[in-house]
S.K.: 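Handing you a structure now.
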Number of protein chains: 2
Amino acid sequence: MKVSFSDLREQYDGAFRENCPTRTVLDHVMSKWGVLVLFALTDGAIRWGELRRRIDGISEKMLSSTLRTLEADGLVSRRSYPEVPPRVEYALTDLGGELMEKLGPLMEWVAAHADDIAAAPDARRAESRVGREADQTT
Amino acid sequence: MKVSFSDLREQYDGAFRENCPTRTVLDHVMSKWGVLVLFALTDGAIRWGELRRRIDGISEKMLSSTLRTLEADGLVSRRSYPEVPPRVEYALTDLGGELMEKLGPLMEWVAAHADDIAAAPDARRAESRVGREADQTT
DNA sequence: CGGCATCCTGGGGGATACTG
DNA sequence: CAGTATCCCCCAGGATGCCG
């Protein structure tokens with residue numbers, strides 16, 4: 001492994017513990033819709049309806065609740081204009097922006113390899129990284 | 001936004017479409033346990049029981065199913081030794097290793113800011129990134 | 001030890017209708 | 001337009017038990 005996760009684990013091994021805040025954040029950010037909503041906001045502030053249209057398949061309920069969660073987490077900001085008809089814009093906070101910088105490379109990688117993975121036969125099982133000599137029971 | 005998500009979106013805007021493979025991968029990787037399992041494997045191959053012990057709160061069922069999913073995705077390899085008592089080791093595949101390289105910085109960031117976010121009052125709502133002049137209805 | 005099989009429950013999440 | 005409210009369903013996921 002090129003990345004020293006050991007260091008991370010030493011400092012934040014609590015990530016593996018149930019009560020750790022990391023778990024919560026992970027659950028919010030990595031939730032089914034969390035990533036997509038955050039990702040959809042990377043262009044800048046957009047309106048509720050636009051968000052809904054951009055994220056295919058999301059229901060009003062989930063969009064609302066996801067936005068509320070992310071807002072409570074301080075990752076997304078909500079700004080409503082006292083107009084009629086009502087207009088509300090959502091945007092990433094500075095914190096959310098930082099997060100997306102980390103999330104960006106990941107999304108790119110996933111997008112690039114999605115087909116490989118989705119189409120993955122179990123043929124790839126042989127491609128083990130462990131350099132051990134042992135029988136494959138399977 | 002410092003990252004050019006626009007480029008990504010142009011090429012892979014399907015990420016927002018329901019049938020897109022990206023969605024599937026995201027759901028698997030970003031699932032409640034997916035990240036933690038992958039993360040726990042970054043030290044190298046470890047045994048089933050060890051995994052279970054490392055990931056606090058995971059049930060046998062979820063560990064098994066998560067491992068099977070990730071294995072089918074070609075991100076994790078499974079190697080069983082024909083011994084008695086049985087021994088099975090799991091490890092990241094090359095693909096899984098690549099993924100974790102992208103996931104690493106994210107995890108570090110999350111771990112570092114988890115407390116901020118978890119403890120986030122709605123006070124942070126004011127910290128909007130949009131430089132617009134408008135009334136805050138809330 | 002390393003699992004499946006089974007049962008069961010909570011809440012994630014969709015559909016629809018209504019409101020400011 | 002931008003939500004909230006309500007109903008309801010489904011399955012993620014925990015608990016338990018058994019097997020190779």
Side-chain angles (χ1 to χ4, degrees), chain A residues 18-19 23-24 26-37 40-41 45-72 76-91 122 125 130 134-138, chain B residues 18-19 23-24 26-37 40-41 45-72 76-91 122 125 130 134-138:
Chain A
E18 267 198 298
N19 53 350
R23 285 285 187 93
T24 310
L26 240 45
D27 282 354
H28 291 180
V29 173
M30 322 288 272
S31 75
K32 180 181 177 68
W33 301 113
V35 206
L36 294 173
V37 168
L41 288 174
I46 64 176
R47 307 181 58 171
W48 195 87
E50 175 64 14
L51 262 178
R52 177 149 163 58
R53 253 169 283 120
R54 277 212 209 176
I55 305 173
D56 190 43
I58 196 171
S59 65
E60 298 181 355
K61 180 182 176 181
M62 288 324 293
L63 179 54
S64 290
S65 82
T66 302
L67 281 171
R68 261 185 278 113
T69 302
L70 293 177
E71 192 191 359
V76 164
S77 69
R78 173 204 148 103
R79 170 163 295 190
S80 87
Y81 300 80
E83 304 173 355
V84 47
R87 184 160 62 100
V88 179
E89 285 185 353
Y90 291 89
D122 34 20
R125 292 190 187 183
V130 285
D135 298 51
Q136 286 293 125
T137 300
T138 317
Chain B
E18 266 197 300
N19 53 349
R23 285 282 187 94
T24 310
L26 240 45
D27 282 355
H28 291 180
V29 172
M30 322 287 274
S31 74
K32 181 181 176 71
W33 301 114
V35 205
L36 294 173
V37 168
L41 288 174
I46 64 176
R47 308 182 56 170
W48 195 88
E50 176 64 13
L51 263 178
R52 177 150 164 56
R53 253 170 282 117
R54 277 211 208 177
I55 306 173
D56 191 42
I58 197 172
S59 66
E60 296 181 357
K61 181 182 177 182
M62 289 323 294
L63 179 55
S64 290
S65 80
T66 302
L67 281 171
R68 260 185 282 114
T69 302
L70 294 177
E71 192 191 0
V76 164
S77 69
R78 173 205 150 102
R79 171 163 292 190
S80 87
Y81 299 81
E83 303 172 356
V84 44
R87 183 159 62 100
V88 180
E89 284 185 353
Y90 291 89
D122 35 17
R125 291 189 188 182
V130 286
D135 298 51
Q136 286 293 126
T137 297
T138 317

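Order of the sequence lines sets the chain letters (A, B, ...), proteins ahead of strands, with each chain counted from 1. Please read these numbers as outputs of a predicted model, since none were measured by experiment.
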S.K.: Quick check: closest heavy atoms across Met62(B) and Ile58(B), and the distance to 0.1 Å?
M.R.: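 Nearest pair, atom of Met62(B) first, then Ile58(B): CB-CG1, 4.0 Å.
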S.K.: Would you kindly compare Gly57(A) and Pro86(A) by the position of their nearest DNA chain C nucleotide and give the one closer to the 5′ end?
M.R.: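 Its nearest nucleotide being more 5', the pick is Gly57(A).
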S.K.: Could you pull out all residues at least two apart from Arg47(B) that satisfy side chain to side chain donor-acceptor pair (under 3.5 Å)?
M.R.: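 So Arg47(B) forms no side chain to side chain donor-acceptor pair (under 3.5 Å) with any residue.
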S.K.: With sequence neighbours excluded, what pairs up with Glu60(A) under the side chain to side chain donor-acceptor pair (under 3.5 Å) test?
M.R.: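 Side chain to side chain donor-acceptor pair (under 3.5 Å) check on Glu60(A) returns nothing, list empty.
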S.K.: Please tell me which of Glu50(B) and Met62(A) maps to the more 5' nucleotide of DNA chain C, matching each residue to the nucleotide holding its nearest heavy atom.
M.R.: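 Counting from the 5' end, the first nearest nucleotide belongs to Glu50(B).
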S.K.: Tell me the closest heavy-atom pair linking Asp27(A) and Lys32(B), and the distance in Å.
M.R.: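 Scanning both residues, the minimum pair turns out to be OD2-NZ, 3.6 Å.
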S.K.: Expressed as a whole number of angstroms, how long is the span from Arg52(A):CZ to dA2(D):C1'?
M.R.: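 Arg52(A) atom CZ is separated from dA2(D) atom C1' by 11 Å.
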S.K.: What nucleic acid atoms does Arg47(B) come within less than 4.0 Å of, heavy atoms only: base, sugar-phosphate, or nothing?
M.R.: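 Sugar-phosphate: the residue Arg47(B), judged by heavy atoms under 4.0 Å, touches backbone atoms but no base.
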S.K.: What residues form a side chain to side chain contact (heavy atoms under 4.5 Å, CB included) with Ser64(B), not counting sequence neighbours?
M.R.: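 Ser64(B) satisfies side chain to side chain contact (heavy atoms under 4.5 Å, CB included) with Trp48(B), Arg68(B) only.
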S.K.: Taking only N/O atoms, report every protein-nucleotides 4-8 of chain D pair under 3.5 Å with atom names and distance.
M.R.:
unit_1: dT4(D); atom_1: OP2; unit_2: Arg68(A); atom_2: NH2; d: 3.4
unit_1: dT4(D); atom_1: O4; unit_2: Glu60(A); atom_2: OE1; d: 3.2

S.K.: Just verifying a value: how many Å separate Ile46(A) CD1 and Arg52(A) CZ, rounded to the nearest 0.5 Å?
M.R.: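 CZ of Arg52(A) is found 13.0 Å from CD1 of Ile46(A).
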S.K.: Atom NE2 of His28(B) and atom P of dG13(D): how far apart are they, to the nearest Å?
M.R.: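 In whole Å, dG13(D) P and His28(B) NE2 are 12 Å from each other.
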S.K.: dG3(D) P sits how many Å from Arg87(A) CZ, rounded?
M.R.: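 That distance rounds to 13 Å.
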S.K.: Starting at CG of Asp27(B) and ending at P of dG13(D), how long is that distance when rounded to a whole Å?
M.R.: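 After rounding, the reported distance stands at 11 Å.
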S.K.: Return the value, rounded to whole Å, for the distance between atom OH of Tyr90(A) and atom C1' of dC1(D).
M.R.: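 Between C1' of dC1(D) and OH of Tyr90(A): 12 Å.
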S.K.: Without decimals, in angstroms, what is the distance between Ile55(A) CD1 and dA2(D) P?
M.R.: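 Rounded to whole Å, this separation is 14 Å.
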S.K.: When the distance from NZ of Lys32(B) to C1' of dC11(D) is rounded to whole Å, what number comes out?
M.R.: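 Spelled out: NZ on Lys32(B) to C1' on dC11(D) is 15 Å.
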S.K.: For the atom pair CG (Leu36(B)) and OG1 (Thr66(B)), what is the distance rounded to the nearest 0.5 Å?
M.R.: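 Nearest 0.5 Å value for the CG-OG1 distance: 9.5 Å.
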S.K.: First and last nucleotide of DNA chain C in contact with chain B, 5' to 3', at under 4.0 Å to a heavy atom: what are they?
M.R.: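 Footprint of chain B along DNA chain C, 5' to 3': dC1(C) to dC7(C).
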S.K.: Between CG of Leu67(A) and CG of Leu51(A), what distance do you get to the nearest 0.5 Å?
M.R.: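 Atom-to-atom, Leu67(A):CG and Leu51(A):CG are 6.0 Å apart.
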S.K.: Mind listing the closest non-hydrogen atom pair of Ser80(A) and Val88(A) along with its distance?
M.R.: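 Heavy-atom minimum between the residues: CB-CG2, 3.8 Å.
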S.K.: How bent is the helix from dC1(C)-dG20(D) to dG20(C)-dC1(D), comparing axes over its five end pairs at each side, to the nearest 10°?
M.R.: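 So the angle between the two local helix axes works out to 50°.
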S.K.: About how many Å separate CG of Leu70(A) and CZ of Arg78(A), when rounded to the nearest 0.5 Å?
M.R.: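 Nearest 0.5 Å value for the CZ-CG distance: 14.0 Å.
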S.K.: Looking at every heavy atom in both His28(B) and Thr69(B), which two are closest together, and how far apart are they?
M.R.: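 Result for this residue pair: ND1-CG2, 3.4 Å.
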